[in-house]
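Any value given below was found using the heavy atoms of this structure, including those in side chains, with hydrogens, waters and symmetry copies removed.
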Amino acid sequence: MGSLFEIAKSGIQAYRQALSVTGQNIANVNTEGYSKRDVNLEELGGIQGGVTDVSDQTGLGVRVDEIRRSFNAYVNERLRNSHSGFEQLNQFSKEVSLLENTLLPTGSDLSTFIGEFFSSLQELAASPEDSAPRVVSFEKGKDVANAFNDYSERLKTAQRGSFSQAKISIDSINILSKQISDVNAKLKSAGATTSPNDLLDTRDLLMKELSKEIEYTTEYGTRGEVSIRLGNSGQGPIIVSPNKSFNLRAKVTENSDFRYSFETTVNSISIFIVEGTDETTTTQITGGKLAGLVNYYAYLQEVKSQIDDIAFRVAKDFNAVQKNGKDLTGKI
């Protein structure tokens, strides 16, 4: 039978520890990644009786059974998915806004040059014998050609910038994946009776940052270690397993495109999973900054191909008309 003093002592010790946990929560209220802790108390049961003895039902007091994190796997996963979706759209939107400012400056965009060129041709048609409109049309034609070339260079520069940003994003993904893998190793090596709340907080904070770069799904082990798969299907390739992490790599690939008036080469960013000397391509880039940059690169390629198609059509049709015309001497 426990004495009143021992029961009181256990209560003081348990609630002192609970009060310390409350103080820890208050002290870390502004700490990024910190999860509030809750104390789970349990009764210290009485002494079991023997064959002839009656068991002591009064009990021996109370003790702290576990210090738990306020954690909800479903809510955290939904939050990470929201981060991935937002970062993808936000990155794409920012890049398109910059592209719009680059390609559509007031009064000096491509449509302005084309319009001025055809206006000069109308003036030339009104006075075909006058050399002055011919000079103006010739200069306006050079302006159009220079505008097409300038747009092409600007789009190529934008693509190079997009690819460079994609590589920076992949570097961040690789670093975060390695750090999560390191936390997995520490979680697996923690004692069975240990509650590594600080490691679990670190894991969740790293996963939050990773979700900004790329979308993924998760599976948790018994010790809190996590496996991470690319994409939102739950069947994507693994980039973090309980035992190791895998690096990503970006590369520009080329393909032929026959949708326009001429055969053209279309560039795109391909993502590879690296394991030793082996590389496996993946299409499971469905969210995060990386997806926004990959989609933006493809959008730039589409715009470039459309502008190239316009340039090809203008040159082809104008040259065809020129062949059927006459010069100042009347020669065809």
Rounded distance [0.5 Å steps], [atom1] in [X] versus [atom2] in [Y]:
{"X": "L99", "Y": "L155", "atom1": "CG", "atom2": "CG", "value": "6.5 Å"}
{"X": "T282", "Y": "I273", "atom1": "OG1", "atom2": "CD1", "value": "5.0 Å"}
{"X": "K9", "Y": "I7", "atom1": "NZ", "atom2": "CD1", "value": "13.0 Å"}
{"X": "I310", "Y": "Y151", "atom1": "CD1", "atom2": "OH", "value": "10.0 Å"}
{"X": "L293", "Y": "F163", "atom1": "CG", "atom2": "CZ", "value": "11.5 Å"}
{"X": "T202", "Y": "M207", "atom1": "OG1", "atom2": "CE", "value": "12.5 Å"}

If I compare all heavy atoms of [X] with all of [Y], which pair ends up nearest, and what's the gap?
{"X": "S270", "Y": "T253", "answer": "OG-OG1, 3.0 Å"}
{"X": "L205", "Y": "G33", "answer": "CD1-CA, 4.2 Å"}
{"X": "S10", "Y": "V62", "answer": "OG-N, 3.2 Å"}
{"X": "S84", "Y": "S211", "answer": "OG-O, 2.6 Å"}
{"X": "I67", "Y": "Q17", "answer": "CD1-NE2, 3.9 Å"}
{"X": "Q284", "Y": "L230", "answer": "O-CB, 3.7 Å"}

K140 and F118: CA distance, side-chain angles, deciding distance, side chain to side chain contact (heavy atoms under 4.5 Å, CB included) verdict: CA-CA 9 Å; K140 293 298 182 182; F118 281 101; over 6 Å; no

Step by step, would you call F318 with F117 a ring pair (Phe, Tyr, Trp, His ring centres under 6.0 Å)? CA-CA 12 Å; F318 189 80; F117 175 57; 5.4 Å; yes

Is there a path from [X] to [Y] through hydrophobic residues (I, L, V, M, F, W, Y) whose side chains come within less than 4.5 Å of each other?
{"X": "Y220", "Y": "L199", "answer": "yes"}
{"X": "I170", "Y": "I175", "answer": "no"}
{"X": "V39", "Y": "I12", "answer": "no"}
{"X": "L79", "Y": "L210", "answer": "no"}
{"X": "V294", "Y": "F86", "answer": "no"}

[X] side chain to [Y] backbone, donor-acceptor under 3.5 Å:
{"X": "N319", "Y": "A315", "answer": "yes"}
{"X": "S97", "Y": "S93", "answer": "yes"}
{"X": "S241", "Y": "K244", "answer": "yes"}
{"X": "S189", "Y": "A185", "answer": "yes"}

Test side chain to side chain donor-acceptor pair (under 3.5 Å) applied to [X] and [options], the passing residue:
{"X": "T157", "options": "R160, E153, Q159", "value": "R160"}
{"X": "D182", "options": "Q179, K178, K186", "value": "K178"}
{"X": "S35", "options": "N28, N197, N25, D201", "value": "D201"}

Take E77 and R80 through the salt bridge (charged side-chain N to carboxylate O under 4.0 Å, His left out) test and state the conclusion after the steps. CA-CA 5 Å; E77 184 171 356; R80 290 193 297 266; 5.1 Å; no

Do Q91 and E95 have side-chain N/O donor and acceptor atoms under 3.5 Å apart? yes

Pair N81, N232 - check side chain to side chain contact (heavy atoms under 4.5 Å, CB included), show working. CA-CA 9 Å; N81 289 341; N232 53 21; 6.0 Å; no

How about R78: does its CZ atom have over 12 heavy atoms from other parts shown lying under 6.0 Å from it? no

Tell me, do [X] and [Y] make a side-chain contact under 4.5 Å, heavy atoms counted?
{"X": "R203", "Y": "E225", "answer": "no"}
{"X": "N295", "Y": "Q88", "answer": "yes"}
{"X": "F148", "Y": "L110", "answer": "yes"}
{"X": "P242", "Y": "S227", "answer": "yes"}
{"X": "D38", "Y": "S70", "answer": "yes"}
{"X": "E219", "Y": "R229", "answer": "yes"}
{"X": "F246", "Y": "E275", "answer": "yes"}
{"X": "R69", "Y": "K36", "answer": "no"}

Quick one: do T218 and N76 satisfy side chain to side chain contact (heavy atoms under 4.5 Å, CB included)? Show the steps, please. CA-CA 11 Å; T218 58; N76 275 21; over 6 Å; no

Output all residues satisfying side-chain hydrogen bond (donor to acceptor under 3.5 Å, both in side chains) with N149, sequence neighbours left out; order by chain, then residue number. none

Show your reasoning for whether side chain to side chain contact (heavy atoms under 4.5 Å, CB included) applies to E87 and E213. CA-CA 7 Å; E87 292 296 339; E213 302 294 337; over 6 Å; no

Assess the residue pair D204 and K208 against the criterion (salt bridge (charged side-chain N to carboxylate O under 4.0 Å, His left out)); give the C-alpha distance rounded to whole Å, side-chain angles, the decisive distance to 0.1 Å, and a yes or no. CA-CA 6 Å; D204 291 343; K208 175 185 174 182; over 6 Å; no

Any chance you could lay out the salt bridge (charged side-chain N to carboxylate O under 4.0 Å, His left out) test for K167 and D171, step after step, and finish with the verdict? CA-CA 6 Å; K167 290 198 294 184; D171 288 342; over 6 Å; no

With side chain to side chain donor-acceptor pair (under 3.5 Å) as the test, would you mind laying out the steps for K289 and N90 before giving the verdict? CA-CA 8 Å; K289 292 180 182 178; N90 185 53; over 6 Å; no

Can you list every pair that meets ring pair (Phe, Tyr, Trp, His ring centres under 6.0 Å) and has a residue in residues 279-303, with sequence neighbours left out? F92-Y299

